[in-house]
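Report on the following structure.
In what follows, chains are A, B, ... by sequence order, proteins preceding strands, each numbered from 1.
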Amino acid sequence: MTATAANTGERRRYWFSIAALAVVLPAAILVHTGDTIRERLRDMRNPIAVESGTLQRYAGADWRLTGLARLPGSLPDTTVVLAEFEATVDDPKQLAENRCQVALTDDWGRRWEPAFLPGSAVRKAKPAAADKPHCGLFEELSPGDTVMMAESFVVPEDAESLALSVSLSGALPAYLLFR
Amino acid sequence: MIGAIKGLAGVLLAAAMLYGMQRTTPLYSDIISPVPVAGRQGERVDTSAFAIGVADVHLAREVMASSFGRTRTYTTSGVWVIIEAAAAAKQESLSLTSAKWLGPNGVRHALSQRFSAMSGMLGSERLEPGIPRPMLMAFEVPESQLSGATLLIARSALTPLAEEAWIEMTDVRAQDIRPAVTLGRGNRSQPWTLEAE
């Protein structure tokens with residue numbers, strides 16, 4: 001075997017190894033981050049835009065936004081947004097198996113979670129709404145029942161183009177977006 | 001002969017390299033530890049999830065904290081570090097629950113839980129996007145760990161690879177230790193009052 005032949009063989013192996021790295025490295029990264037990627041894909045959701053007041057079928061019920069009111073906030077430069085919505089049950093079994101997530105979003109992609117307790121502004125201005133339950137209590141319902149719910153959010157006073165997103169775990173990736 | 005020496009040298013070199021790699025292998029906890037976002041006292045520090053700024057640092061031998069109409073005195077064998085800061089969430093509502101005082105000797109001191117019921121303490125309130133809120137922190141640290149320390153703040157102590165604000169405490173000196181600091185209940189927009197003696 002001449003030196004040139006050995007060189008050629010070595011060079012071929014070298015380039016083969018370099019080319020293999022280009023395949024093996026991304027494959028290794030994919031294998032290790034597979035769970036994260038799957039989670040991201042699950043997060044890429046599919047909104048169903050609903051105009052205020054109109055009915056929308058979702059997860060075994062007909063949903064409707066009945067009010068999105070701005071009330072004075074207890075902190076300077078803040079507003080309390082009170083969202084009232086209802087679901088008329090069609091398939092109680094399908095609805096009962098769900099976990100409900102509610103959030104208020106704006107055009108900048110900011111996302112506010114609901115307050116655990118309605119603030120004093122809600123109790124003063126809309127006492128009936130303060131007594132309504134949070135989203136998620138769908139036990140022991142029969143077809144035709146209407147569940148009335150309310151959630152309140154503390155947002156900056158200048159937050160605009162607010163939309164209420166309601167998602168039920170069993171109906172994902174679709175979720176409701178009330179404008 | 002030369003070939004044998006070369007071979008032996010190669011084996012020894014490989015053994016040394018393997019030993020070195022074995023000794024310097026990072027722990028799993030180091031590999032997944034939070035990603036630091038550097039900042040300085042008095043400046044705003046922006047992580048992707050939240051922004052925080054340290055406004056004032058008070059050092060004291062004793063803290064008097066009043067709650068429910070009763071004032072209690074909290075002594076310490078070290079020094080109380082009371083930090084007044086402001087924080088805001090950026091994109092999503094979140095809570096900050098982890099704060100540590102990293103002393104110059106590398107020891108991390110956890111947030112004091114002795115008057116954790118004080119309103120405005122870190123973790124007592126959820127932060128909302130676009131609404132900055134005052135935040136109070138208290139640490140008990142040895143006097144030698146005051147200057148040259150770093151304040152570490154994160155959403156939680158356990159989230160792997162999340163961002164953590166590393167705020168260099170540039171203006172903390174042992175000669176500024178006061179005999180006592182009094183903390184009282186404030187109002188909704190400023191949850192505490194602080195008086196230094």
Query raised in the report: Which one, A:Phe153, A:Trp112, A:Phe116, leads in non-hydrogen pairs under 4.5 Å with chain B?
Result: A:Trp112
Query raised in the report: In terms of heavy-atom proximity below 4.5 Å to chain B, should A:Ala115 be classed as side chain, backbone, both, or neither?
Result: backbone
Query raised in the report: Can you say whether A:Thr78 sits under 4.5 Å from chain B via the side chain, the backbone, both, or neither, judging by heavy atoms?
Result: side chain
Query raised in the report: If you measure from the Lys or Arg side-chain nitrogens to the Asp or Glu carboxylate oxygens, is any gap between A:Asp62 and A:Arg64 under 4.0 Å?
Result: no
**Report entry** Pair B:Arg133 + B:Glu125, salt bridge at N-O below 4.0 Å
**Finding:** yes
Query raised in the report: Do B:Gln145 and B:His109 get their side chains close enough for a donor-acceptor pair, meaning under 3.5 Å?
Result: no
Query raised in the report: Do the side-chain N and O atoms of B:Trp166 and B:Glu168 include a donor-acceptor pair separated by under 3.5 angstrom?
Result: no
